[in-house]
A.B. asks: 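After the structure tokens below, expect a handful of questions from me.
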Amino acid sequence: MKVAEQIRKTIVELPEDKTFGYADLPIAKGDYQTAAKALERMQVKGLIKKMSKGIFYKPVKTIFGELLPNDSEQIKPYLFKNGKRVAYITGESLYNQMNLTTQMAFRIKIASNKRIKIDKGAIKARSVKSYAEVTEANYQLLGFLDAIKDIKIIPDCTVANAVKILSKKIASFDDKSVGDLIKYALLYPPRVRALLGAMLQNIDKSINTEKLKESLNPITTFELGLKENDLPTIKNWFIV
């Protein structure tokens, strides 16, 4: 079967409202030029539409006209590269999913190592710093650490309540996840390391938090507005 025919067959079988790129098609890198021409012909016929460079979609046709893919599908191309995760959604959008806030973000934040800006209709997003190389295995842990980093500015959520919610989530982590959480926390600002250490120590004193403690300057304090009733271990971690 010719390259163009393979592409057409694959795209016909794809569901509507889904984005796709070259990596999702049965083509070798040497056939990209042929594939580009085939995709261009399909665009002319209205079978597919271009969303951004190298990203396409099959438009959903309704009585009101053609619809764009849903929000998550429009953002998906920025989260993955060649099928591998390279970024993740963070900020208020993530904290809403974590039940830390009921507010939804006007502009979505995407943690990435490259600059991203999306302004397409209702979809508005920008990139923020990713503290580690993002993978499918670690992005949820990084999002968790982001919540600790932003704990004082999460809308409609007190620091004490956030600590309670996050501590409950940590308590459900297995040993490997806890170890990885500590490893990645060392890449974050000191206040993240301090608060994570305090929460871990409060959950289970047998958890090895020495690396977190050693990474902190003992003459630096962290003002989070917490009391010992909120988190009994705060004095061990220079938190006031």
Side-chain angles (χ1 to χ4, degrees), residues 87-113 126-135 138-240:
Y88 63 94
I89 294 174
T90 187
E92 290 177 24
S93 301
L94 173 62
Y95 308 152
N96 177 276
Q97 293 178 18
M98 296 172 71
N99 296 319
L100 291 168
T101 180
T102 57
Q103 289 194 17
M104 289 298 296
F106 168 73
R107 186 177 295 274
I108 297 169
K109 293 180 181 178
I110 299 175
S112 173
N113 61 2
R126 65 179 178 86
S127 56
V128 295
K129 177 182 178 181
S130 171
Y131 285 85
E133 182 179 351
V134 180
T135 68
N138 72 10
Y139 82 95
Q140 294 185 61
L141 295 178
L142 297 179
F144 190 91
L145 291 169
D146 290 347
I148 297 178
K149 174 178 67 69
D150 294 339
I151 199 164
K152 291 181 70 174
I153 60 172
I154 297 174
D156 294 337
C157 185
T158 64
V159 174
N161 194 40
V163 165
K164 183 178 179 180
I165 294 171
L166 294 174
S167 293
K168 186 175 181 180
K169 293 180 184 295
I170 292 177
S172 68
F173 289 0
D174 58 27
D175 291 344
K176 183 181 184 308
S177 295
V178 170
D180 288 342
L181 195 63
I182 292 172
K183 178 180 70 174
Y184 291 119
L186 294 173
L187 303 175
Y188 277 72
R191 67 180 183 278
V192 176
R193 292 175 249 150
L195 185 51
L196 176 62
M199 287 192 289
L200 289 173
Q201 192 176 66
N202 184 57
I203 292 168
D204 185 348
K205 289 182 173 58
S206 68
I207 297 175
N208 189 344
T209 57
E210 287 183 11
K211 289 184 178 179
L212 292 173
K213 194 65 170 287
E214 291 171 355
S215 73
L216 301 175
N217 185 335
I219 65 172
T220 301
T221 57
F222 307 98
E223 297 184 7
L224 297 178
L226 288 170
K227 299 178 180 179
E228 287 188 75
N229 287 340
D230 302 319
L231 188 59
T233 52
I234 56 175
K235 286 188 176 179
N236 298 335
W237 293 87
F238 322 116
I239 296 172
V240 296

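The structure displayed is predicted, hence computed values, not measured ones. Values below: all heavy atoms of this structure, side chains included; hydrogens, waters and symmetry mates excluded.
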A.B. asks: Atom CD1 of Ile151 and atom CG of Leu100: how far apart are they, to the nearest 0.5 Å?
C.D. replies: 8.0 Å
A.B. asks: Suppose we screen for side-chain hydrogen bond (donor to acceptor under 3.5 Å, both in side chains). Which residues come up paired with Asp175, at least two apart in sequence or across chains?
C.D. replies: none
A.B. asks: If you round to the nearest 0.5 Å, how far is NZ of Lys109 from CD of Glu92?
C.D. replies: 6.5 Å
A.B. asks: Throw together a table of side-chain donor-acceptor distances under 3.5 angstrom for residues 157-166, partners on residues two or more places apart or in other chains.
C.D. replies:
residue, atom, partner, partner atom, Å
Thr158, OG1, Asn161, N, 3.0

A.B. asks: Taking all atoms of both residues into account, what is the closest heavy-atom pair of Leu145 and Ala185, and its distance?
C.D. replies: CD1-N, 3.6 Å
A.B. asks: Verify side chain to side chain contact (heavy atoms under 4.5 Å, CB included) between Leu186 and Leu212, making sure each step is shown before the conclusion.
C.D. replies: CA-CA 7 Å; Leu186 294 173; Leu212 292 173; 4.0 Å; yes
A.B. asks: Salt bridge (charged side-chain N to carboxylate O under 4.0 Å, His left out) with Lys176: which residues, sequence neighbours excluded?
C.D. replies: Asp180
A.B. asks: Going by the rule ring-ring contact (aromatic ring centres under 6.0 Å, His included), which residues pair with Tyr131 if we only count those two or more places apart in sequence or in a different chain?
C.D. replies: Tyr188
A.B. asks: Scan residues 219-240 for pairs that pass ring-ring contact (aromatic ring centres under 6.0 Å, His included), counting only residues two or more places apart or in two chains.
C.D. replies: none
A.B. asks: Quick one: list whatever passes ring-ring contact (aromatic ring centres under 6.0 Å, His included) with Phe144, sequence neighbours left out.
C.D. replies: Phe173
A.B. asks: Identify, with sequence neighbours excluded, every residue that meets side chain to side chain contact (heavy atoms under 4.5 Å, CB included) alongside Thr101.
C.D. replies: Tyr95, Asn96, Gln103, Ile154, Pro155, Asp156
A.B. asks: Rounded to the nearest 0.5 Å, what separation is found between the CD1 atom of Ile239 and the CG atom of Leu224?
C.D. replies: 5.5 Å
A.B. asks: May I have the step-by-step check of side chain to side chain contact (heavy atoms under 4.5 Å, CB included) for Met199 and Ile148, ending in yes or no?
C.D. replies: CA-CA 11 Å; Met199 287 192 289; Ile148 297 178; 3.6 Å; yes
A.B. asks: Search all heavy atoms of Leu216 against all heavy atoms of Pro190 and return the closest pair with its distance.
C.D. replies: CD2-O, 3.5 Å
A.B. asks: My understanding is that only residues two or more places apart in sequence, or in another chain, count here; which of them pass side chain to side chain contact (heavy atoms under 4.5 Å, CB included) with Asp204?
C.D. replies: Ser206, Ile207
A.B. asks: Which value, rounded to the nearest 0.5 Å, describes the distance between Tyr88 atom OH and Leu141 atom CG?
C.D. replies: 10.0 Å
A.B. asks: Give the minimum heavy-atom separation between Ala147 and Met98, together with the two atoms involved.
C.D. replies: CB-CE, 4.1 Å
A.B. asks: Quick check: closest heavy atoms across Gly197 and Thr209, and the distance to 0.1 Å?
C.D. replies: O-CG2, 4.3 Å
A.B. asks: For residues 223-232, which residue pairs pass the side chain to side chain donor-acceptor pair (under 3.5 Å) check, not counting sequence neighbours?
C.D. replies: Glu228-Lys235
A.B. asks: As a quick check of understanding, evaluate side chain to side chain contact (heavy atoms under 4.5 Å, CB included) for Arg191 and Lys152, giving each step before the final call.
C.D. replies: CA-CA 11 Å; Arg191 67 180 183 278; Lys152 291 181 70 174; over 6 Å; no
A.B. asks: For the residue pair Ile110 and Ala87, what are the closest heavy atoms and their distance?
C.D. replies: CG2-CB, 3.7 Å
A.B. asks: The criterion is side-chain hydrogen bond (donor to acceptor under 3.5 Å, both in side chains); which residues satisfy it with Asn208, sequence neighbours excluded?
C.D. replies: none
A.B. asks: Do you know the tightest heavy-atom contact between Pro232 and Asn202?
C.D. replies: CD-OD1, 3.4 Å
A.B. asks: Run the side chain to side chain contact (heavy atoms under 4.5 Å, CB included) test against Asn138 and tell me which residues pass, sequence neighbours left out.
C.D. replies: Val134, Thr135, Leu142, Tyr184
A.B. asks: Apply the test side chain to side chain contact (heavy atoms under 4.5 Å, CB included) to residues Leu226 and Leu195: give CA-CA distance (whole Å), side-chain angles for both, the deciding distance (0.1 Å), then the verdict.
C.D. replies: CA-CA 10 Å; Leu226 288 170; Leu195 185 51; 4.1 Å; yes
A.B. asks: For Ile203, which residues count as a side chain to side chain contact (heavy atoms under 4.5 Å, CB included) partner, sequence neighbours excluded?
C.D. replies: Ser167, Ile170, Ala171
A.B. asks: What is the distance from atom NZ of Lys149 to atom NZ of Lys129, rounded to the nearest 0.5 Å?
C.D. replies: 9.0 Å
